Structures are given as C-alpha cells and as structure tokens.
Amino acid sequence: EAEVAQSPRYKITEKSQAVAFWCDPISGHATLYWYRQILGQGPELLVQFQDESVVDDSQLPKDRFSAERLKGVDSTLKIQPAELGDSAMYLCASSVGPADSPLHFGNGTRLTVT
Amino acid sequence: QKEVEQNSGPLSVPEGAIASLNCTYSDRGSQSFFWYRQYSGKSPELIMFIYSNGDKEDGRFTAQLNKASQYVSLLIRDSQPSDSATYLCAVNRGNQFYFGTGTSLTVIP
C-alpha cells in the first residue's frame with residue numbers, strides 16, 4: 001500500500017537553530033497538508049497545498065516557519081529559528097483532493113528543541 | 001465553541017466488550033467524517049469514514065452518523081488489547097479538516 005514518506009523521524013535541535021522536514025505524498029495526491037500535534041491534543045493545520053499552490057497558511061507562524069512545494073509533489077517545512085515551544089510532532093498528510101477524500105498521514109517527525 | 005469535541009477519557013473496557021466513542025461537531029455544513037486511531041508516539045491511522053446518515057460497518061468497527069444531532073460515533077465490537085490507543089474524530093468542511101483532541105481507550109485483558 002502506498003505511503004506518505006517523511007524524514008527525519010526524529011530531530012533534536014537547540015533553540016535558535018534552523019530545522020527542516022521533508023514530505024513525499026502518495027503518488028497522485030494533489031493535496032498536501034502539514035500539521036503540528038502537541039501531546040494530548042489533536043493535529044492542528046499549519047499549511048495546506050493544492051498542487052504547488054498554498055490554499056491555507058493562516059495558522060502558519062510566518063515569522064519563523066516557511067513551507068514550499070515547488071513542483072507540486074514533495075514538500076519541505078522549515079523553522080528558523082526554532083523555539084522551545086516548537087517541540088511537537090510534525091505530521092504530513094495527503095489526499096486525492098476532493099473534500100470527501102480521507103487524509104493519509106506519514107509517520108511524522110518528532111521535534112525536540114532544547 | 002470548538003469545531004469538534006470528544007470526551008478525552010480515558011475510557012476503559014474489558015476485553016471482548018463493545019467500546020463506544022463519541023464525537024460532536026459544531027457546524028452543520030460539515031460534509032464528511034473520519035475516525036483515526038493513534039498509538040502512543042505514532043501518527044494517526046485511518047480507520048473509517050462516513051458521509052451519510054446511518055451506520056457503516058467494517059469488520060469489528062461501526063461508524064454512526066446523525067447529522068440532525070451533529071453527532072458521530074465509533075463502536076468497536078469484541079475489543080482487543082491491541083485496540084488500546086487514542087481515537088481521533090475529524091470532520092471535513094469546505095476541504096478543511098478539523099480534529100478533536102481524541103479519546104484515550106484502554107482495553108483491559
């Protein structure tokens with residue numbers, strides 16, 4: 001079964017450093033999402049792409065976070081500089097596109113900022 | 001008011017029993033409804049989705065949707081210890097997904 005690929009699985013970084021996460025969605029999935037999940041809470045949307053275009057980045061802290069999906073396939077999420085409060089699970093998900101299509105999640109990246 | 005509300009639990013059931021997980025949503029424009037299972041330290045895994053009022057069954061799992069009451073539930077029959085996890089309810093409205101905070105389920109052997 002096709003999967004959403006994410007890397008790295010784990011990342012430990014010091015505050016003020018830069019960190020980047022990579023995601024490759026399921027082939028053919030036009031819609032790609034980046035979520036952040038804090039322990040004990042549900043995933044919260046950071047950014048949503050439709051092909052290479054940003055559909056929603058209203059919750060993305062743009063002073064430190066950036067995301068791109070240049071060719072409409074894989075995507076990178078960057079944090080610079082990282083803060084202690086950024087420690088969380090970062091989840092990438094993709095869907096075929098129509099509103100009733102389910103999200104398929106990657107394994108996630110567990111970020112710890114020290 | 002939160003878009004999606006779930007009882008955080010923990011919910012404990014004995015092995016072999018039926019586990020009932022509930023979710024309410026605030027916007028009547030919500031179109032589709034999803035249940036995800038999340039083991040500790042892992043990412044969410046899709047269990048079921050439902051679009052129409054009524055019941056949808058898949059193996060030991062049954063999703064129930066009542067749009068008039070804005071209520072979605074997940075029943076797990078013959079619960080197994082391996083079902084112990086957090087269950088996330090999600091709704092889609094306007095191509096946006098909204099997640100609840102999840103219900104922690106423990107199945108006691």
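Any value given below was found using the heavy atoms of this structure, including those in side chains, with hydrogens, waters and symmetry copies removed. Quantities reported herein were computed from a predicted structural model and do not represent experimental measurements.
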Subject >> Top contributor to chain B interface from A:G40, A:P43, A:G106, A:A93 [non-hydrogen pairs under 4.5 Å] >> reply: A:P43
**OP:** Say whether B:F61 and B:L21 are linked into one hydrophobic cluster, either directly or through other cluster members, by side-chain heavy-atom distances under 4.5 angstrom.
**Re:** yes
Subject >> Cluster overlap B:F34 with A:I26, hydrophobic side-chain contacts below 4.5 Å >> reply: no
Original post:
To the nearest 0.5 Å, how far apart are OG in B:S43 and NE2 in A:H104?
Top reply: 12.0 Å
Original post:
Are A:L84 and A:F21 connected, step by step, through hydrophobic side chains (Ile, Leu, Val, Met, Phe, Trp, Tyr) whose heavy atoms are closer than 4.5 Å?
Top reply: yes
**OP:** Find out if a path of hydrophobic residues (ILVMFWY) with successive side-chain heavy-atom gaps under 4.5 Å connects B:L11 to B:L74.
**Re:** yes
Original post:
Between A:L103 and B:F97, is any pair of side-chain heavy atoms under 4.5 Å apart?
Top reply: yes
Subject >> Rounded distance [0.5 Å steps], CD in B:Q96 versus CG in A:L45 >> reply: 6.0 Å
**OP:** Would you indicate whether B:Q80, at its atom CD, is surrounded by more than 12 heavy atoms from other residues, nucleotides or ligands within a distance under 6.0 Å?
**Re:** yes
Original post:
In the single-linkage hydrophobic clustering (I, L, V, M, F, W, Y; side-chain heavy atoms under 4.5 Å), do A:V4 and A:Y33 co-cluster?
Top reply: no
Subject >> Toward chain A, the part of B:E45 with a non-hydrogen atom under 4.5 Å >> reply: neither
Original post:
Do the side chains of B:N92 and A:S101 get nearer than 4.5 Å, heavy atoms only?
Top reply: no
Subject >> NZ/B:K56: more than 12 non-hydrogen atoms of other groups inside 6.0 Å >> reply: yes
Original post:
How long is the gap from CD on A:Q37 to CD on B:Q38, to the nearest 0.5 Å?
Top reply: 4.0 Å
Original post:
If you round to the nearest 0.5 Å, how far is OG1 of B:T101 from CD1 of A:I38?
Top reply: 12.5 Å
**OP:** May I ask you to test the B:K42-A:N107 pair for a side-chain heavy-atom distance under 4.5 Å?
**Re:** no
**OP:** Would you give the length of the straight line joining atom OG1 of A:T31 to atom CG of B:N95, rounded to the nearest 0.5 angstrom?
**Re:** 5.5 Å
**OP:** Tell me, yes or no, whether the heavy-atom count around B:I108 atom CD1, taken from other residues, nucleotides or ligands under 6.0 Å, exceeds 12.
**Re:** yes
Original post:
So which of B:Y98, B:Y36, B:F49 has the largest heavy-atom pair count under 4.5 angstrom toward chain A?
Top reply: B:Y36
Subject >> chain B contact via A:E44 - side chain, backbone, both or neither, heavy atoms under 4.5 Å >> reply: neither
